[in-house]
Number of protein chains: 2
Amino acid sequence: MTAPLDDEPPLSAADAKRNKAAQDSAPALKAWVVLARAYLAISRHVAADVARFGLTASEFGILEALYHKGPLLLGDLQKKILVTSGGVTYLVDRLARKGLVTRESFPGDKRSRFAVLTPEGSALIKQIFPGHAKRLAKVLGALTPKEQKRLTGMLRDLGKGAEKEPLPRERKKGKTGLS
Amino acid sequence: MTAPLDDEPPLSAADAKRNKAAQDSAPALKAWVVLARAYLAISRHVAADVARFGLTASEFGILEALYHKGPLLLGDLQKKILVTSGGVTYLVDRLARKGLVTRESFPGDKRSRFAVLTPEGSALIKQIFPGHAKRLAKVLGALTPKEQKRLTGMLRDLGKGAEKEPLPRERKKGKTGLS
DNA sequence: GGCAGTCATCTTAGTACTAAGATAACTCGA
DNA sequence: TCGAGTTATCTTAGTACTAAGATGACTGCC
């Protein structure tokens, strides 16, 4: 392995995480660049894959979430796929027009509504999902499953940290940053 | 009915790496989900950051590429930021209208054109870049610089693999997959 | 009970792209 | 040198969203 030059000033590792200004921003910059490239490259495959069934990647994301989690409130769906509230309305409208999901009222709160898979939607996602998963495994095949798991752990931390960090403008007290 | 169906038949673990069809797609699926979430969360910060200067993230990406690499042919720029050819035309048009880049002819080939930073563009990116880098370091602060470097390595492999993999539809012989 | 504040969703208008194809320029073999 | 094929960019039409605000519903304090 012969780890290449990877030197850090030997400062107390205890507060390496909590250092105030993250002096050395070069690793973060590089990480962001390659993260964006990887995302764009993979998302292209995902889009092309689900397009065969007349779906966009976001629509597929909704079906997938409902398939794995069951009915979800629109707000929860929004947090899950990280779009704006208008985006959820738009996407659920489209899926409803295709007959794949419906909206159902939430007994405790008349403002809220569930998104629910119709039988057609359920059948479709069940049909699509296995092939999609296989294709994804192939696209991510440059890493072994073990490496993929390590990657997942790091990305999870990264994503959570980024979601926690307040957005620069208008950072009043909103938690999500989505309007 | 918690814990949805997530089971796989237990098969010989010996050829887990080189199995022809990537049986165990669960790690890839999870990796993709958290990768997408992390990307979206971070890109929101990037977009908000550069929006203060009237730029979109893609526009900033072009300025950044030209800043670090010098003049680039539009096609190379396209590969760098992973948009379609029409997208590059659109983005360079916008930056040109803002006076930040210009197009210059490429002596050896009349079809090709360079994108070049104007003095204004150069001044702007020089002004923006340090603060942007610092902000990015903060947004990615959940990982230490060392972890970020490891992440970069894995994502680089991942992205290259994904870019190499042919897109499902219309996979004639195009290498890039961008039209 | 009533009102101020907040919240979940929807609406409207706008934008940043993409897909598909057009156009002009280049390459190369016969 | 011609023409068939390829390539780099641009054009046109369409779409998947976002931003900002509207609307109706809930909450809690008085």
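Here the structure is a predicted model, which means the values were calculated and not measured. Just so you know, these numbers use all the heavy atoms, side chains as well, and skip hydrogens, waters and symmetry mates. Chain letters run A, B, ... following the sequence lines, proteins first, then strands; residues in each count from 1.
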*Residue-phosphate contact under 4.0 Å: S58(B) side-chain N/O, dA16(C) OP1/OP2*: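 So the side-chain polar atoms of S58(B) never come under 4.0 Å of the phosphate oxygens OP1 or OP2 of dA16(C).
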*asked:* dA16(D), OP1 or OP2 - any side-chain N/O from Y90(A) closer than 4.0 Å?
replied: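 It does, given that an N or O in the side chain of Y90(A) lies less than 4.0 Å from OP1 or OP2 of dA16(D).
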Could you work out which one of [options] sits closest to the side chain of [X]?
X: T89(A); options: dG21(C), dT18(D), dC10(C); answer: dC10(C)
X: R94(A); options: dT15(D), dT18(D), dC10(D); answer: dT15(D)
X: S85(A); options: dG21(C), dT18(C), dT9(C); answer: dT9(C)
X: L74(A); options: dC10(C), dC17(C), dA19(C); answer: dC10(C)

Using atom [atom1] of [X] as one end and atom [atom2] of [N] as the other, report the distance to the nearest whole Å.
X: L82(A); N: dC17(D); atom1: CG; atom2: C1'; answer: 14 Å
X: F106(A); N: dA8(C); atom1: CZ; atom2: P; answer: 11 Å
X: I62(A); N: dC17(D); atom1: CD1; atom2: C1'; answer: 12 Å
X: K79(A); N: dC7(C); atom1: NZ; atom2: P; answer: 11 Å
X: L95(B); N: dC17(C); atom1: CG; atom2: C1'; answer: 14 Å
X: R113(A); N: dC7(C); atom1: CZ; atom2: C1'; answer: 16 Å
X: Q78(A); N: dA16(D); atom1: CD; atom2: P; answer: 19 Å
X: F60(A); N: dA16(D); atom1: CZ; atom2: P; answer: 17 Å

Side-chain heavy-atom pair [X], [Y] within 4.5 angstrom cut-off:
X: L35(B); Y: L158(B); result: yes
X: L91(B); Y: I81(B); result: yes
X: L117(B); Y: L124(B); result: no

*For the pair K79(B) and D76(B), find out whether any cationic side-chain nitrogen is under 4.0 Å from an anionic carboxylate oxygen.*
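Here K79(B) pairs with D76(B) in a salt bridge, since their nearest N and O are under 4.0 Å apart.
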Identify each atom pair where a protein N or O and an N or O of nucleotides 23-27 of chain D are less than 3.5 Å apart, giving names and distance.
from    : atom 1 : to      : atom 2 : distance (Å)
dC26(D) : OP1    : K110(A) : N      : 2.6

*Counting only heavy atoms not in K98(B), do more than 12 sit closer than 6.0 Å to its NZ atom?*
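Atom NZ in K98(B) is packed in, count exceeds 12.
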*Between Y39(A) and W32(B), how do the two ring planes meet: parallel, tilted or perpendicular, split at 30° and 60°?*
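Geometry flag for W32(B) against Y39(A): parallel rings.
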*Parallel, tilted or perpendicular: which fits the ring planes of F129(B) and F60(B), with parallel below 30° and perpendicular above 60°?*
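Plane angle under 30°, so parallel.
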*Under-3.5 Å donor-acceptor pair between S112(A) side chain and dC7(C) base*: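 Not at all, since no donor on one side and acceptor on the other fall under 3.5 Å apart.
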_Pair of N/O donor and acceptor under 3.5 Å linking dC17(C) base with T84(B) side chain_ =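 By the distance-only test, no, there is no pair.
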*Under 4.0 Å between any heavy atoms, over every strand shown, what does G75(A) touch: base, sugar-phosphate, or nothing? Just pick one.*
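Sugar-phosphate contact only - G75(A) comes under 4.0 Å of backbone atoms but never of a base.
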